[in-house]
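Inspection log for the structure reproduced underneath, given as structure tokens.
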Amino acid sequence: MLDTKINHQLVEILQTDLLKWFEKAKRDLPFRRTRDPYFIWISEIMAQQTQIDTLIPFYNRFIDSFPTVFSLALAPVDEVIKAWEGLGYYSRARNLHQAARIIVADYDGLMPDNFAELIKLPGIGPYTGGAIASIAFNEPVSAVDGNVLRVISRFCNSFADIGDAKTKKQMTRWIESILPEAAGDFNEALMELGALICTPQSPKCLLCPIRSGCQSHTAGTTGQLPVKKKKTKQLTRKMEVGIVTQNDCLFFVRRPDAGLLSGMWSFPIVETTVGNGQDIKKKLGENFPELNEPIFIGTSRHVFSHIIWEMSVYRFNLDSMVSETASHPYFISALGAPQSDHQTAFKALPQIDDLALPVAFSKLLALLKNAD
DNA sequence: GAAGCGTGGTC
DNA sequence: TGACCAAGCTT
């Protein structure tokens, strides 16, 4: 149970000293140099489950490619996904693109200026809606992310499970009850404190501007907070990957439009129990009636949020296959027979950059290079 | 309420 | 290495 019945003097510290510290200590971030709700929106979507240092180069490239909501709405979705390549959680990019089209179609290209409208857009939930509304429009709403849950848990010495939806609602309501005039700055300040000072491990309490009001600091319980249920361990899956090469071309397939890495480009990959390359060879038979035996070129382990792939990678070289003309029969059959749930394509090495390739696969290119 | 959904960093 | 975590949202 969240106990926020702390006295007015402590709330005063939270409001005043935190804002004072933020003004002085806040990082100079590209999206802090603007109040344009479009840029705030892009940055907040990228910030979901992603550390700020990681997203900055993505952010700069993204707004360079899509400087307005119109340019984003009019872009092919594959270009938007490509700009997201390497950032993960790719449904964020699809939702961003979809939302841009809605904003152009239904809002004359103007970002909705309030929380209630914002959270109707795909990809914008309670946190992101609160962040955009408060930062870009100074609407008096909170923006409760993992940082805020941690900071408030510690400040109030609350042992309520922050993974519990009820706890999040209580904190949201409580913060909104003490929200100062500068709502956006206050929300950002809470997050900045969580990112720089009130960190999950080894919090820098000696440098904390609100230490004197922190109830867990007084109680000596900061190290135990916040309380959070453990995630279940990822299941490991044995996979076989087939890299089909022909001269300077590699063979890719597009993944199904639902599930893990949906719609992204991929090397052919199957789950296996054996692990000798025959399972992926059989799968490749759909596109290549004749194949040489698989050539093992290495293993790779990739950790996702909820599963782990242990990949054995095999190369199938078509250079030596009988190819009577320059028309490359295997090339034609691959392009001419797309499956119902995925597309296929040969791409010459220099053109790989056109496809949005997840890290799980792009890192396999090193194995191919080493094999040569 | 719980599970699905990426990647990189840290200790 | 493994465990944990990061400015969450959707189904």
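Computed from a predicted model, the values in this text were never measured in an experiment. Below, read A as the first sequence line, B as the second, and so on, with proteins coming before strands; counting in each chain starts at 1.
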Phosphate-side-chain proximity, Tyr89(A) and dG4(B), N/O vs OP1/OP2 below 4.0 Å: no

Per nearest nucleotide of DNA chain B, the residue lying toward the 5' end, Gln201(A) or Gln49(A), is Gln49(A)

Regarding the side chain of Lys230(A), the nearest nucleotide among dC4(C), dT7(B), dA7(C) is dC4(C)

Taking N and O atoms by type only, does the side chain of Thr54(A) place a donor or acceptor under 3.5 Å from a partner on the base of dG9(B)? no

Assign each of Asp164(A) and Tyr90(A) the nucleotide of DNA chain B bearing its closest heavy atom; nearer the 5' end lies the nucleotide of Asp164(A)

*Are Val303(A) and Leu364(A) connected, step by step, through hydrophobic side chains (Ile, Leu, Val, Met, Phe, Trp, Tyr) whose heavy atoms are closer than 4.5 Å?*
no

When rounded to whole Å, the CD1 to C1' distance for the pair Ile56(A) and dG9(B) reads 15 Å

Of dG2(C), dG8(B), dA7(C), the nucleotide closest to the side chain of Arg301(A) is dG2(C)

- Item | Phosphate OP1/OP2 of dA6(C) contacted by Gln51(A) side-chain N/O (<4.0 Å) | no

Closest to the side chain of His302(A), out of dG1(B), dT7(B), dG8(C), is dT7(B)

Reckon Ile307(A) touches a base, only the sugar-phosphate, or nothing at all at heavy-atom distances under 4.0 Å?
nothing

Presence of His306(A) side-chain N/O under 4.0 Å of dG4(B) phosphate oxygens OP1/OP2: no

To the nearest angstrom, the OH-P distance between Tyr59(A) and dT7(B) comes to 23 Å

Over all strands shown, is Thr128(A) touching base, sugar-phosphate only, or nothing at heavy-atom distances under 4.0 angstrom?
sugar-phosphate

Note: Ala143(A) and Val148(A) closest approach over all heavy atoms is O-CG2, 3.6 Å

Q. Say you pick atom C1' in dG1(B) and the same atom in dT10(C); how far apart are they, in whole Å?
A. 13 Å

Checking the side chain of Arg315(A) only, and the main-chain atoms of Leu368(A) only, is there a donor and an acceptor separated by less than 3.5 Å?
no

When rounded to whole Å, the CD to C1' distance for the pair Gln234(A) and dG8(B) reads 14 Å

Requested in this report: Look at the side chain of Arg150(A) against the base of dA7(C) and say whether a donor-acceptor pair falls under 3.5 Å; ignore hydrogens and angles.
Outcome: no

Checklist line | Short side-chain N/O contact from Ser43(A) to OP1 or OP2 of dA7(C), under 4.0 Å | finding: no

Ranking Ile119(A) and Leu29(A) by the position along DNA chain C of their nearest nucleotide, the one closer to 5' is Leu29(A)

| query | Val148(A) near the nucleic acid: base, sugar-phosphate alone, or nothing, with a heavy-atom cut-off under 4.0 Å? | reply | nothing

Please tell me whether Phe288(A) and Phe251(A) form a close aromatic pair, meaning their ring centres lie under 6.0 Å apart.
yes

Quick note, Pro358(A) side chain, CB onward, closest among dT7(B), dC5(B), dA6(C) is dT7(B)

**Report entry** Sugar-phosphate only, base, or nothing, as touched by Ala165(A) at under 4.0 Å among non-hydrogen atoms
**Finding:** sugar-phosphate

With a 4.0 Å cut-off on heavy atoms, is Lys363(A) in touch with a base, just the backbone sugar-phosphate, or nothing at all? nothing

Under 4.0 Å: is that the gap between some side-chain N or O of Arg92(A) and OP1 or OP2 of dA7(C)? no

*In whole angstrom, give me the gap between the P atoms of dG6(B) and dT11(C).*
14 Å

Checking dA3(C), dC9(C), dA6(C) against the side chain of Lys233(A) (C-beta onward), the nearest is dA3(C)

Comparing Asn95(A) with Asn147(A), nearest DNA chain C nucleotide closer to 5' gives the residue Asn147(A)

Atom CG of Leu87(A) and atom C1' of dC5(B) are separated, to the nearest Å, by 13 Å

Exercise. Can you say whether the rings of Tyr59(A) and Phe39(A) are parallel (under 30°), tilted (30 to 60°) or perpendicular (over 60°)?
Worked result: perpendicular

(Q) If hydrophobic clusters are built from ILVMFWY residues whose side chains come within less than 4.5 Å, do Phe304(A) and Val359(A) share one? (A) no

* Asked: What does Ile52(A) touch in the nucleic acid at a heavy-atom separation under 4.0 angstrom: a base, only the sugar-phosphate, or nothing?
  -> base

Students often get this wrong, so: under 4.0 angstrom with heavy atoms, is Gly194(A) touching a base, only sugar-phosphate, or nothing? nothing

Is the shortest side-chain N/O distance from Lys231(A) to OP1 or OP2 of dG2(C) below 4.0 Å?
-> no

* Asked: Taking the six-membered ring for Trp, are the ring centroids of Phe361(A) and Trp309(A) within less than 6.0 Å of each other?
  -> yes

Using the P atoms only, state how far dA2(B) lies from dA7(C), rounded to an integer number of Å.
23 Å

From NZ of Lys204(A) across to P of dT10(B) the rounded distance in Å is 12 Å

When rounded to whole Å, the NZ to C1' distance for the pair Lys166(A) and dA2(B) reads 17 Å

Gln48(A) CD to dG4(B) C1', in whole Å, measures 15 Å

Note to self: Using only atom types and a distance under 3.5 Å, with no angle test, would you say the side chain of Glu117(A) pairs donor to acceptor with the backbone of Pro112(A)?
What the structure shows: no

Separation of dC9(C) atom P from Ile45(A) atom CD1, nearest Å, is 8 Å

